[in-house]
Amino acid sequence: MDLMERIFNAGIVGCGGAGFPTHVKLNTKARWLIINGAECEPLLRTDRYVMRHEASQLLEAAELIGDFLEAKHIVIALKEHYEEERKALEAAAASMESKVKLHFLENFYPAGDEQVLVQEVTGKIVPPAGLPGDVGAVVSNVSTVRAVLDAVSGIPFTHKYLTVTGQVETPVIVKAPLGTPIRECLEAAGTLSGQGDYLLGGPLMGKLRKASDLERDVVTKTTSGVIVLEQGAWLSRRRGVPIEHMLRQAKAACIQCSHCTELCSRHMLGHPLEPHKIMRKFAMCADVDQVLEDEDVKQALICSECGICEEYACPMGLQPRRINSLLKTLYRKESFHYNRKETHDKLQINAMRQYRKVPSERLAARLGLHEFYHLEIDRLVKPRSKTVAIPIRQHIGAPSQPVVKAGDAVCQGQLIAKCPEDSLGANIHASITGTVLEAGERIIIKG
């Protein structure tokens, strides 16, 4: 059984947020293997914990993957101020005589964005709507790579590391069985009076959730963190602006300063995305459908939705990212795809890019989260949930197909939903031992 078969059997998907099946992503050859340890979003500490405490396992997995890819360069990219992580990795590399190298990044956002990372490490630009493979690179998240070592030992992906921070008593790293209620993760960190909404993921790209969602939300393979906000937090109010109101604001208040474009991480890479032009077209039209054929507006398809434009750049508090997201949804409904014209050798980095990198700490302050920015989170908590609800769709591609039914007894690590044949997807395994109560969109297991 080769490495990709083991990864497929284990059900590993990208842990950084997108959830792309790892057995597909790594099934190639590449000159560069870049392991993303930049922990892109402010406040998240999960990958830093793995680099500190499981450095040797991470390096071993990196070499296994690098050998499979026949990579000439195996690199872990992390921020230069990650001192403890650097020490742990360097010590492990020396003891193992590892060929894995470290690449240090400045502390800017979004340093961990896949295309930004490729440029920082290799000097090459991934073309618009392209993939790192277009320039001979493969990028994989630290936690994803670490899970590969378990797969080699026959251990499936059943538990997820995530950061729980913000308005809690003790910010912690949680290692939770898949399907664990988010409520139990928050209980592990301790509740505070004045808790409000929470973010699933980071403060820029995470999804805003209400307290009423606590009973429904669970840990999945892509859950990177939970950030608890205080009641009435600015981020809660801002994310709660209705789409209709946001569009009216865009028409009435955009001053065409072009700051959203000047700081856009994709535009800085030489991509033809110019958010201020999209905002201008919105200001001039009566209906969204009227601008869908415009060439400038079509560039919304290459937006990474990093959020710099609306959370940092715009002096009027407008939301270009949400407009781009709306446009992408409309284009998907029409089955419209970006017409790739540019190649990596024709693109040029914006000459001002080095001076327009957004400092992560300043960004956290803009978001009203600076008090949590410098927290050292090194305590690991392992909640033991008595009941888990495991979604059959927690990755890119087709939902998994249940292979168990209500009343079945299952053991931790047992296959409970399989990847559909000839489809993009992933296997799912029981995260606890118990009895299946339900096997539909969620497989509910009671221990």
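More than 12 non-hydrogen atoms from other residues, nucleotides or ligands lie less than 6.0 angstrom from CZ of R238. Applying the 6.0 Å contact sphere to CD of E293 captures no more than 12 heavy atoms from other residues, nucleotides or ligands. Heavy atoms of other residues, nucleotides or ligands lying less than 6.0 angstrom from NZ of K382 number 12 at most.
With Y82 contributing its side chain and G37 its backbone, the two residues share no donor-acceptor pair below 3.5 Å. Formation of a donor-acceptor pair under 3.5 Å by the D217 side chain with backbone atoms of L214 is not found in this model. Side chain of K221 to main chain of H395: no donor-acceptor pair is present (N/O by atom type, distance under 3.5 Å, no hydrogens or angles). At least one donor-acceptor pair closer than 3.5 Å links the side chain of T223 to the backbone N or O of T220. Here the side chain of S423 pairs no donor or acceptor atom with the backbone of A398 at under 3.5 angstrom. With hydrogens and angles disregarded, a donor-acceptor distance shorter than 3.5 Å links the side chain of Q256 to the backbone of H276. The backbone N or O of C15 sits less than 3.5 Å from a side-chain atom of T144, completing a donor-acceptor pair. No donor-acceptor distance shorter than 3.5 angstrom exists from the side chain of K251 to the backbone of M246, with no hydrogens or angles considered. Without hydrogens or angle criteria, R266 side chain to G270 main chain gives no donor-acceptor distance under 3.5 Å. For T122 (side chain) and K124 (main-chain N/O), a donor-acceptor pair under 3.5 Å exists by modelled atom type.
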Using distance only, find each side-chain donor-acceptor pair of residues 56-68 under 3.5 Å and give its atom names and separation, not counting sequence neighbours.
from, atom 1, to, atom 2, distance (Å)
E63, OE2, S98, OG, 2.7
E63, OE2, K99, N, 3.0
D67, OD1, K99, NZ, 2.6

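Here D197 contributes atom CG and D213 contributes atom CG; the two are 8.5 Å apart, rounded to the nearest 0.5 Å. Note: I7 CD1 to N27 CG = 9.0 Å, rounded to the nearest 0.5 Å. For the atom pair OG1 of T180 and NZ of K175, the computed distance is 12.5 Å after rounding to the nearest 0.5 Å. The distance from the CD atom of E41 to the SG atom of C306 is 9.5 Å, given to the nearest 0.5 Å. For the atom pair CH2 (W234) and CZ (R366), the distance works out to 9.0 Å, reported to the nearest 0.5 Å. Atom CD of Q249 is separated from atom CE of M279 by 9.0 Å, given to the nearest 0.5 angstrom.
The two atoms that bring P132 and V126 nearest to each other are CA-CG2, 3.9 Å, heavy atoms only. Closest heavy-atom contact between I428 and Q394: CD1-NE2, 3.8 Å. Between A188 and R379, the shortest heavy-atom contact is O-NH1, 4.3 Å. Residue P359 comes nearest to Y312 through the heavy atom pair CD-OH, 3.9 Å, listed as atom of the first residue, atom of the second, then distance. The shortest heavy-atom contact between L208 and S236 is CD2-O, 3.8 Å. Between G202 and S224, the shortest heavy-atom distance links the atoms N-OG, 4.4 Å.
Contact check for S143 versus R146: no side-chain heavy atoms found under the 4.5 Å cut-off. Taking the side chain as every heavy atom from C-beta outward, I34 and H103 never approach each other to under 4.5 Å. A 4.5 Å side-chain heavy-atom check between L263 and H267 finds every atom pair outside the cut-off. Contact annotation: the side chain of F104 approaches that of R86 to within less than 4.5 Å [non-hydrogen atoms, C-beta and beyond]. Two residues are said to be in side-chain contact when any heavy atoms from C-beta on lie closer than 4.5 Å; K281 and D296 meet this criterion. Counting heavy atoms from C-beta on, the side chains of I255 and M316 come closer than 4.5 Å. Side chains of L347 and H271 form a contact here, defined as non-hydrogen atoms less than 4.5 Å apart. The side-chain heavy atoms of N36 and L78, taken from C-beta on, include no pair separated by under 4.5 Å.
One finds no salt bridge joining E230 and R237 here, because no Lys/Arg side-chain nitrogen approaches an Asp/Glu carboxylate oxygen to under 4.0 Å. No salt bridge links K79 with E39; every basic N to acidic carboxylate O contact stays at or beyond 4.0 Å. Of the charged side-chain nitrogens involved, at least one lies within less than 4.0 Å of a carboxylate oxygen, so that E310 and R321 count as a salt-bridged pair. A salt bridge links K357 with E120; the closest basic N to acidic carboxylate O contact falls under 4.0 Å. Under a 4.0 Å N-O distance rule, the pair R52/E84 does not qualify as a salt bridge. The existence of a salt bridge linking E244 and R248 is excluded, since no basic side-chain nitrogen approaches an acidic carboxylate oxygen closer than 4.0 Å. Between E215 and R183 there is a salt bridge, since a side-chain N of the basic residue sits under 4.0 Å from a carboxylate O of the acidic one. Ion pairing between a basic and an acidic side chain is recognised when a charged N comes within 4.0 Å of a carboxylate O; E295 and K298 show such pairing. Residues R239 and E311 are paired through a salt bridge, judged by an N-O separation under 4.0 Å between the basic side chain and the carboxylate.
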Full working for side chain to side chain contact (heavy atoms under 4.5 Å, CB included) between L229 and L369 = CA-CA 9 Å; L229 306 174; L369 299 171; 4.0 Å; yes

ask   = Under the side-chain hydrogen bond (donor to acceptor under 3.5 Å, both in side chains) criterion, do T165 and T163 qualify, and how do the steps go?
value = CA-CA 6 Å; T165 188; T163 305; over 6 Å; no

message = Go through it in stages, so that I can follow the logic: the residues are F108 and V358, the test is side chain to side chain contact (heavy atoms under 4.5 Å, CB included), and I'd like the CA-CA distance, side-chain angles, deciding distance and then a yes or no.
response = CA-CA 5 Å; F108 70 94; V358 174; 5.7 Å; no

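Residues meeting the salt bridge (charged side-chain N to carboxylate O under 4.0 Å, His left out) test with R322, sequence neighbours left out: none.
Taking the six-membered ring where the residue is Trp, H374 and H370 present perpendicular rings, their angle passing 60° and hence far from 30°. Relative ring orientation between F8 and H23 is described as perpendicular, the plane-to-plane angle rising above 60° on a 0-90° scale split at 30° and 60°.
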